[in-house]
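Residue numbering restarts at 1 for every chain, and letters A, B, ... go by the order of the sequence lines.
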There are 2 protein chains.
Amino acid sequence: MAASLRDAGLRRSRVRDIVVEEFFAAAQHMSVEALLDRVRKRAPETGLSTVYRTLKVLVEHGFAAERDFGGAHTLFEPADTPHHDHAVCVACGRVIEFEDDALEAIQARVASSLGFEVTAHRLELYGRCPSCRAHAAR
Amino acid sequence: MAASLRDAGLRRSRVRDIVVEEFFAAAQHMSVEALLDRVRKRAPETGLSTVYRTLKVLVEHGFAAERDFGGAHTLFEPADTPHHDHAVCVACGRVIEFEDDALEAIQARVASSLGFEVTAHRLELYGRCPSCRAHAAR
DNA sequence: ATCTGTGCAAATCTTTTGCAGCTCT
DNA sequence: AGAGCTGCAAAAGATTTGCACAGAT
């Protein structure tokens, strides 16, 4: 991975390596702030802008993808994650990933009936996850 | 519509009426800035915050819905619009609305298999619309 | 030596809020 | 009168950028 970045013409550095490592180590939707926290455990002086800049570079080179679930922060996730959609629990904030071939197939059919050439899509379900439903008074 | 707002315990005013009218007249995803432009043609002194506040009120009372397509601005649309999803053209920015029952059905099936109680969802297809595909060099 | 990455502070951009005055009811 | 609007300016929160310096090749 670090090597691929190298191939892409990017320079490595102590801090950048750490940012990249921590980002892929978590392998979870992560906010910039959350990633900064992780990075600072190993390189306490790291600045917020470095994390933003590094993630931007990863996105531009196709190693990461931005996700925006309507919260205040943008979330990022590794781009090599197999395609999936998201179910967001409005009660606890948890994000569950899922994937369904039939869904993909129908989306493709709809797109072609619109004459649309689809390059990406996103589907999010909002609701309550099983454990929040169990805990709920109603 | 204005009457419904009245029933909801809201006061009317010259400016608010205009904001509401223009919002529903356009019946299109609209940004706050775009709506302000329209409103200012009839009430030039209108402030940006009034538009924000009015839209917020409409959302809170269920008359409007917020949409966020990843651009800089949040877009709003009338809530009485029948349910639909969006296809966003990455070339020209046009947003096409569509609706597909099979898609809805499968989403419901997926949600229940996750144990999720879904209250809302959103699906967006990103790609190129027919006319941009036609114009494209490639 | 040169080009790139870094931290910090300042700038930007969208959206929200405080406030004093004006408008509804 | 009293509650709710309004515009303006200031605030807030997330992300970006300018700059001078340190680090990588």
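- With hydrogens and angles ignored, no donor-acceptor pair under 3.5 angstrom links the side chain of A:Arg12 to the base of D:dA24.
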Throw together a table of side-chain donor-acceptor distances under 3.5 angstrom for residues 47-58 of chain A, partners on residues two or more places apart or in other chains.
residue: A:Thr54; atom: OG1; partner: A:Thr50; partner atom: O; Å: 2.7

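- No donor-acceptor contact under 3.5 angstrom links the side chains of B:His86 and B:Glu124, judged on distance only.
- For the pair A:Met30 CE and D:dA14 P, the computed distance is 17 Å after rounding to whole Å.
- One finds the CD atom of B:Gln107 at 10.0 Å from the CG atom of A:Asp100 (value rounded to the nearest 0.5 Å).
- The distance from atom CG of A:Asp37 to atom CD of A:Glu22, rounded to the nearest 0.5 Å, is 11.0 Å.
- When the C1' atom of D:dT16 is taken as reference, atom CD of A:Glu66 falls 13 Å away, rounded to whole Å.
- Residues A:Tyr126 and A:Val95 fall within the same hydrophobic cluster, defined by Ile, Leu, Val, Met, Phe, Trp and Tyr side chains chained together at heavy-atom separations under 4.5 Å.
- The side chain of B:Lys56 contributes an N or O atom lying less than 4.0 Å from OP1 or OP2 of C:dT17.
- In this structure, CG in B:Leu125 is found 7.5 Å from CG in B:Asp85, a value given to the nearest 0.5 Å.
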Subject >> Under 4.0 Å protein heavy-atom contacts per nucleotide of nucleotides 6-15 of chain C, with B for base, S for backbone only and - for none >> reply: BBB-----SB
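- Taking atom CZ of B:Arg11 as the reference point, atom C1' of D:dG4 lies 4 Å away to the nearest angstrom.
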